[in-house]
Q: 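The structure that follows is given in the form of structure tokens.
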Amino acid sequence: MSAHPTLQIYNTLTRTKEPFRTVAAGKVGIYLCGPTVYDKAHIGHMVGPVIFDCITRYLTYCGYDVNWVVNITDVDDKLINKANERGITMLDVAEENIKDYRDNLAALGVDQISHFPRATDCMDEIIAFIAQLIERGFAYASEGDVYFDVLKDEAYGKLSNRSVAETLGDGGDQAARKRSPADFALWKSAKPGEPSWESPWGPGRPGWHIECSAMSKKLLGETFDIHGGGLDLVFPHHENEIAQSECCHAAPMVTYWAHNGLLRRDPSAGKIGGKSERDAGADDGGGGKMSRSKGAGGLADLIKKQGGERIRFFLLRTHYRSTVLFSEPAIEEAGIGLDSFHRLFKRYTRVTGKDFYAIKPPTKRGAAARGLATPSYEKFLAAMDDDFNTGGAIGELFELARLANKYCDDHDLENAGKTNTAAVAEFTTLLTTLKELSNILGIFTTAPAASGGGELLSQVMQVVIDLRAESRAKKNFAVSDAIRDALKPLAIAIEDRAGGAEWTGGGDGAVDGVMQLLINLRATSRQSKDFATADAVRNRLAAIGVTLEDRAGGTEWTKA
RNA sequence: GGCGUCGUAGCCAAGUGGCUAAGGCAUCGGAUUGCAAAUCCGACAUCGUGGGUUCGACUCCCACCGACGCCUCCA
């Protein structure tokens with residue numbers, strides 16, 4: 001596959017959208033700055049991985065061979081401090097948080113990463129890189145530290161659009177060792193008791209920026225295609241990376257610098273994990289701010305509560321360069337939209353007897369007969385071509401869902417139209433295209449986890465649905481409606497269909513609730529001398545291994 | 001202060017120098033349903049304010065107001 005000229009990518013370096021071209025034909029190298037693993041991840045750490053996962057999927061779909069690297073910074077002051085606080089090693093701190101990070105990525109469906117290098121695994125490359133910078137006159141050793149000589153780099157400041165004069169701070173604690181306050185550390189000498197590595201300049205550890213230059217060179221080469229990260233990394237991190245790599249190689253480091261927007265919790269609270277949160281100190285519960293401790297540990301819990309697909313979908317609704325206001329109600333709202341797709345997938349099964357998640361759509365961009373889906377298909381790709389506009393692309397997914405539902409309605413595919421093979425084929429094409437496009441976004445890749453409550457709930461619900469169907473057949477709507485109403489507080493919804501009722505929802509405690517509903521139904525039936533219904537309840541529960549025992553204080557149920 | 005980003009309906013959010021400014025949530029009608037749910041159809045925006053450029057701007061330029069980011073660690 002050759003270049004893809006219709007794709008435009010916004011480049012921070014030029015502050016414009018540019019046509020996409022690659023360093024090597026057909027190949028794309030991507031480097032995304034990953035986390036410093038001194039603590040648990042927060043949702044803001046997922047923005048980059050999710051969008052780059054989509055970018056990788058899309059470029060792969062367009063025929064490129066993508067190599068995507070996400071680094072892990074596992075040596076740093078904060079890790080050392082955290083290890084000391086907790087009385088464990090820096091390595092322990094890193095391992096714990098890397099696991100958390102990777103679990104979170106997996107839950108959000110981020111599975112396209114090719115390499116996951118850790119700074120501590122690349123010490124040789126880092127030291128060699130620093131040595132080369134010294135040799136070429138862009139860095140100098142000073143009292144066991146090594147600094148990058150910013151004044152030697154004429155291009156310094158080009159990414160963040162500032163002059164060296166503007167970057168001059170007070171030089172920090174190590175100012176006395178620097179030639180210029182703007183110089184930054186490539187190697188930091190070890191203080192007593194700190195983890196350290198041997199180097200030509202004495203024992204120490206790498207500065208923050210050098211690992212990315214060394215690791216990207218190792219895995220992607222001196223010049224590669226896309227470098228990503230949060231907008232907050234533009235300066236100083238990425239500016240310094242460019243300085244290091246381009247001075248060392250005398251070649252461009254990256255073609256496109258792509259920075260994602262940051263998450264905020266509240267319109268006035270600043271970015272998540274940002275300054276306003278750190279300054280807030282103890283959690284005062286006010287202002288909608290998320291304290292660092294709460295925010296830092298919250299992602300795994302949030303995923304558990306909301307589900308990874310919802311969070312991914314929520315993040316993808318907005319263009320990646322925008323600021324996103326994050327809140328749980330907003331995620332839940334996104335989930336409501338998602339549910340309408342899940343219902344359509346069940347409808348597909350009712351019509352065709354097949355599983356939506358088992359559909360194998362085309363995996364490469366190209367001409368295929370897409371029938372009624374064609375306009376939306378083209379708009380979807382046009383949106384992705386325009387700087388990976390996932391928000392616009394998702395709009396087309398909803399459009400496809402609407403078309404599919406309408407087609408199903410118009411052709412009565414769940415009933416009489418089921419045998420209309422041409423119509424079913426057209427309907428299938430709509431769903432296949434929906435699968436093809438949602439694969440690019442990495443959503444709807446696997447069926448949602450079964451409702452909480454497990455197998456017993458499914459069995460008991462079947463009993464409830466059967467009983468209700470019989471009531472309806474006898475026009476005994478008082479009973480059938482009472483059942484449906486009683487399920488509502490348990491977060492279980494019933495939908496009546498031509499082929500029988502379907503239920504969704506439930507969760508922890510739902511089994512008890514449903515059982516109580518049946519027990520109550522049996523009691524009221526007995527009161528109204530409807531012994532047929534009362535006995536049916538007991539007998540059918542017995543058939544699934546549940547026995548009812550009437551006691552003085554009420555009826556109890558047990559599962560064999 | 002310097003350098004940037006942004007301001008589209010009740011909320012979220014695409015997009016365009018000129019036909020009806022996507023889509024989602026919510027709300028209100030209608031079809032359908034025993035009643036619901038689901039689904040479909042329909043209603044719901046003079047695009048922050050004020051100027052300018054233009055035959056024509058929400059889209060380009062300037063100013064102002066407001067929000068946010070970076071300039072120190074940060075995805």
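Just so it is clear, the model here is predicted, and its values are computed rather than measured. Numbers restart at 1 for each chain; the letters A, B, ... are given by sequence-line order, proteins then strands.
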Q: Look at the side chain of Glu333(A) and the base of rG24(B), then say whether one donor and one acceptor between them are separated by less than 3.5 Å.
A: yes

Q: Can you tell me which nucleotide in rA14(B), rC68(B), rG34(B) comes closest to the side chain of Arg264(A)?
A: rC68(B)

Q: Taking atom CZ of Arg102(A) as the centre, does the number of heavy atoms from other residues, nucleotides or ligands within less than 6.0 Å exceed 12?
A: no

Q: If you count heavy atoms of other groups shown closer than 6.0 angstrom to CD of Glu154(A), is the number above 12?
A: no

Q: So if I take every side-chain heavy atom of Pro236(A) and compare against rU72(B), rG69(B), rG4(B), which nucleotide ends up nearest?
A: rU72(B)

Q: Can you tell me which nucleotide in rA75(B), rC25(B), rC3(B) comes closest to the side chain of Ile336(A)?
A: rC25(B)

Q: Taking rC47(B) as the reference, what is the distance to rG7(B) when you measure between their P atoms (whole Å, please)?
A: 14 Å

Q: NA contact type, Glu166(A), heavy-atom cut-off 4.0 Å: base, sugar-phosphate, or nothing?
A: sugar-phosphate

Q: Which residues satisfy the salt bridge (charged side-chain N to carboxylate O under 4.0 Å, His left out) test with Asp412(A), sequence neighbours excluded?
A: none

Q: How does protein contact run along nucleotides 35-41 of chain B, one letter per nucleotide 5' to 3', with B for base contact, S for sugar-phosphate only, - for none, heavy atoms under 4.0 Å?
A: BBBSBSS

Q: At 4.0 Å (heavy atoms only), tell me whether Leu231(A) reaches a base, stays on the sugar-phosphate, or touches nothing.
A: nothing

Q: Between rU16(B), rA22(B), rG69(B), which one does the side chain of Asp386(A) approach most closely?
A: rU16(B)

Q: If only side-chain N and O atoms of Ser322(A) are considered, is one of them under 4.0 Å from the OP1 or OP2 phosphate oxygen of rA14(B)?
A: yes

Q: Could you check whether His319(A) gets within reach of a base, just the sugar-phosphate, or nothing at all, counting any heavy atom under 4.0 Å?
A: sugar-phosphate

Q: Ring-on-base stacking between Phe398(A) and rG24(B), under 5.5 Å between centres and under 30° between planes: is it there?
A: no

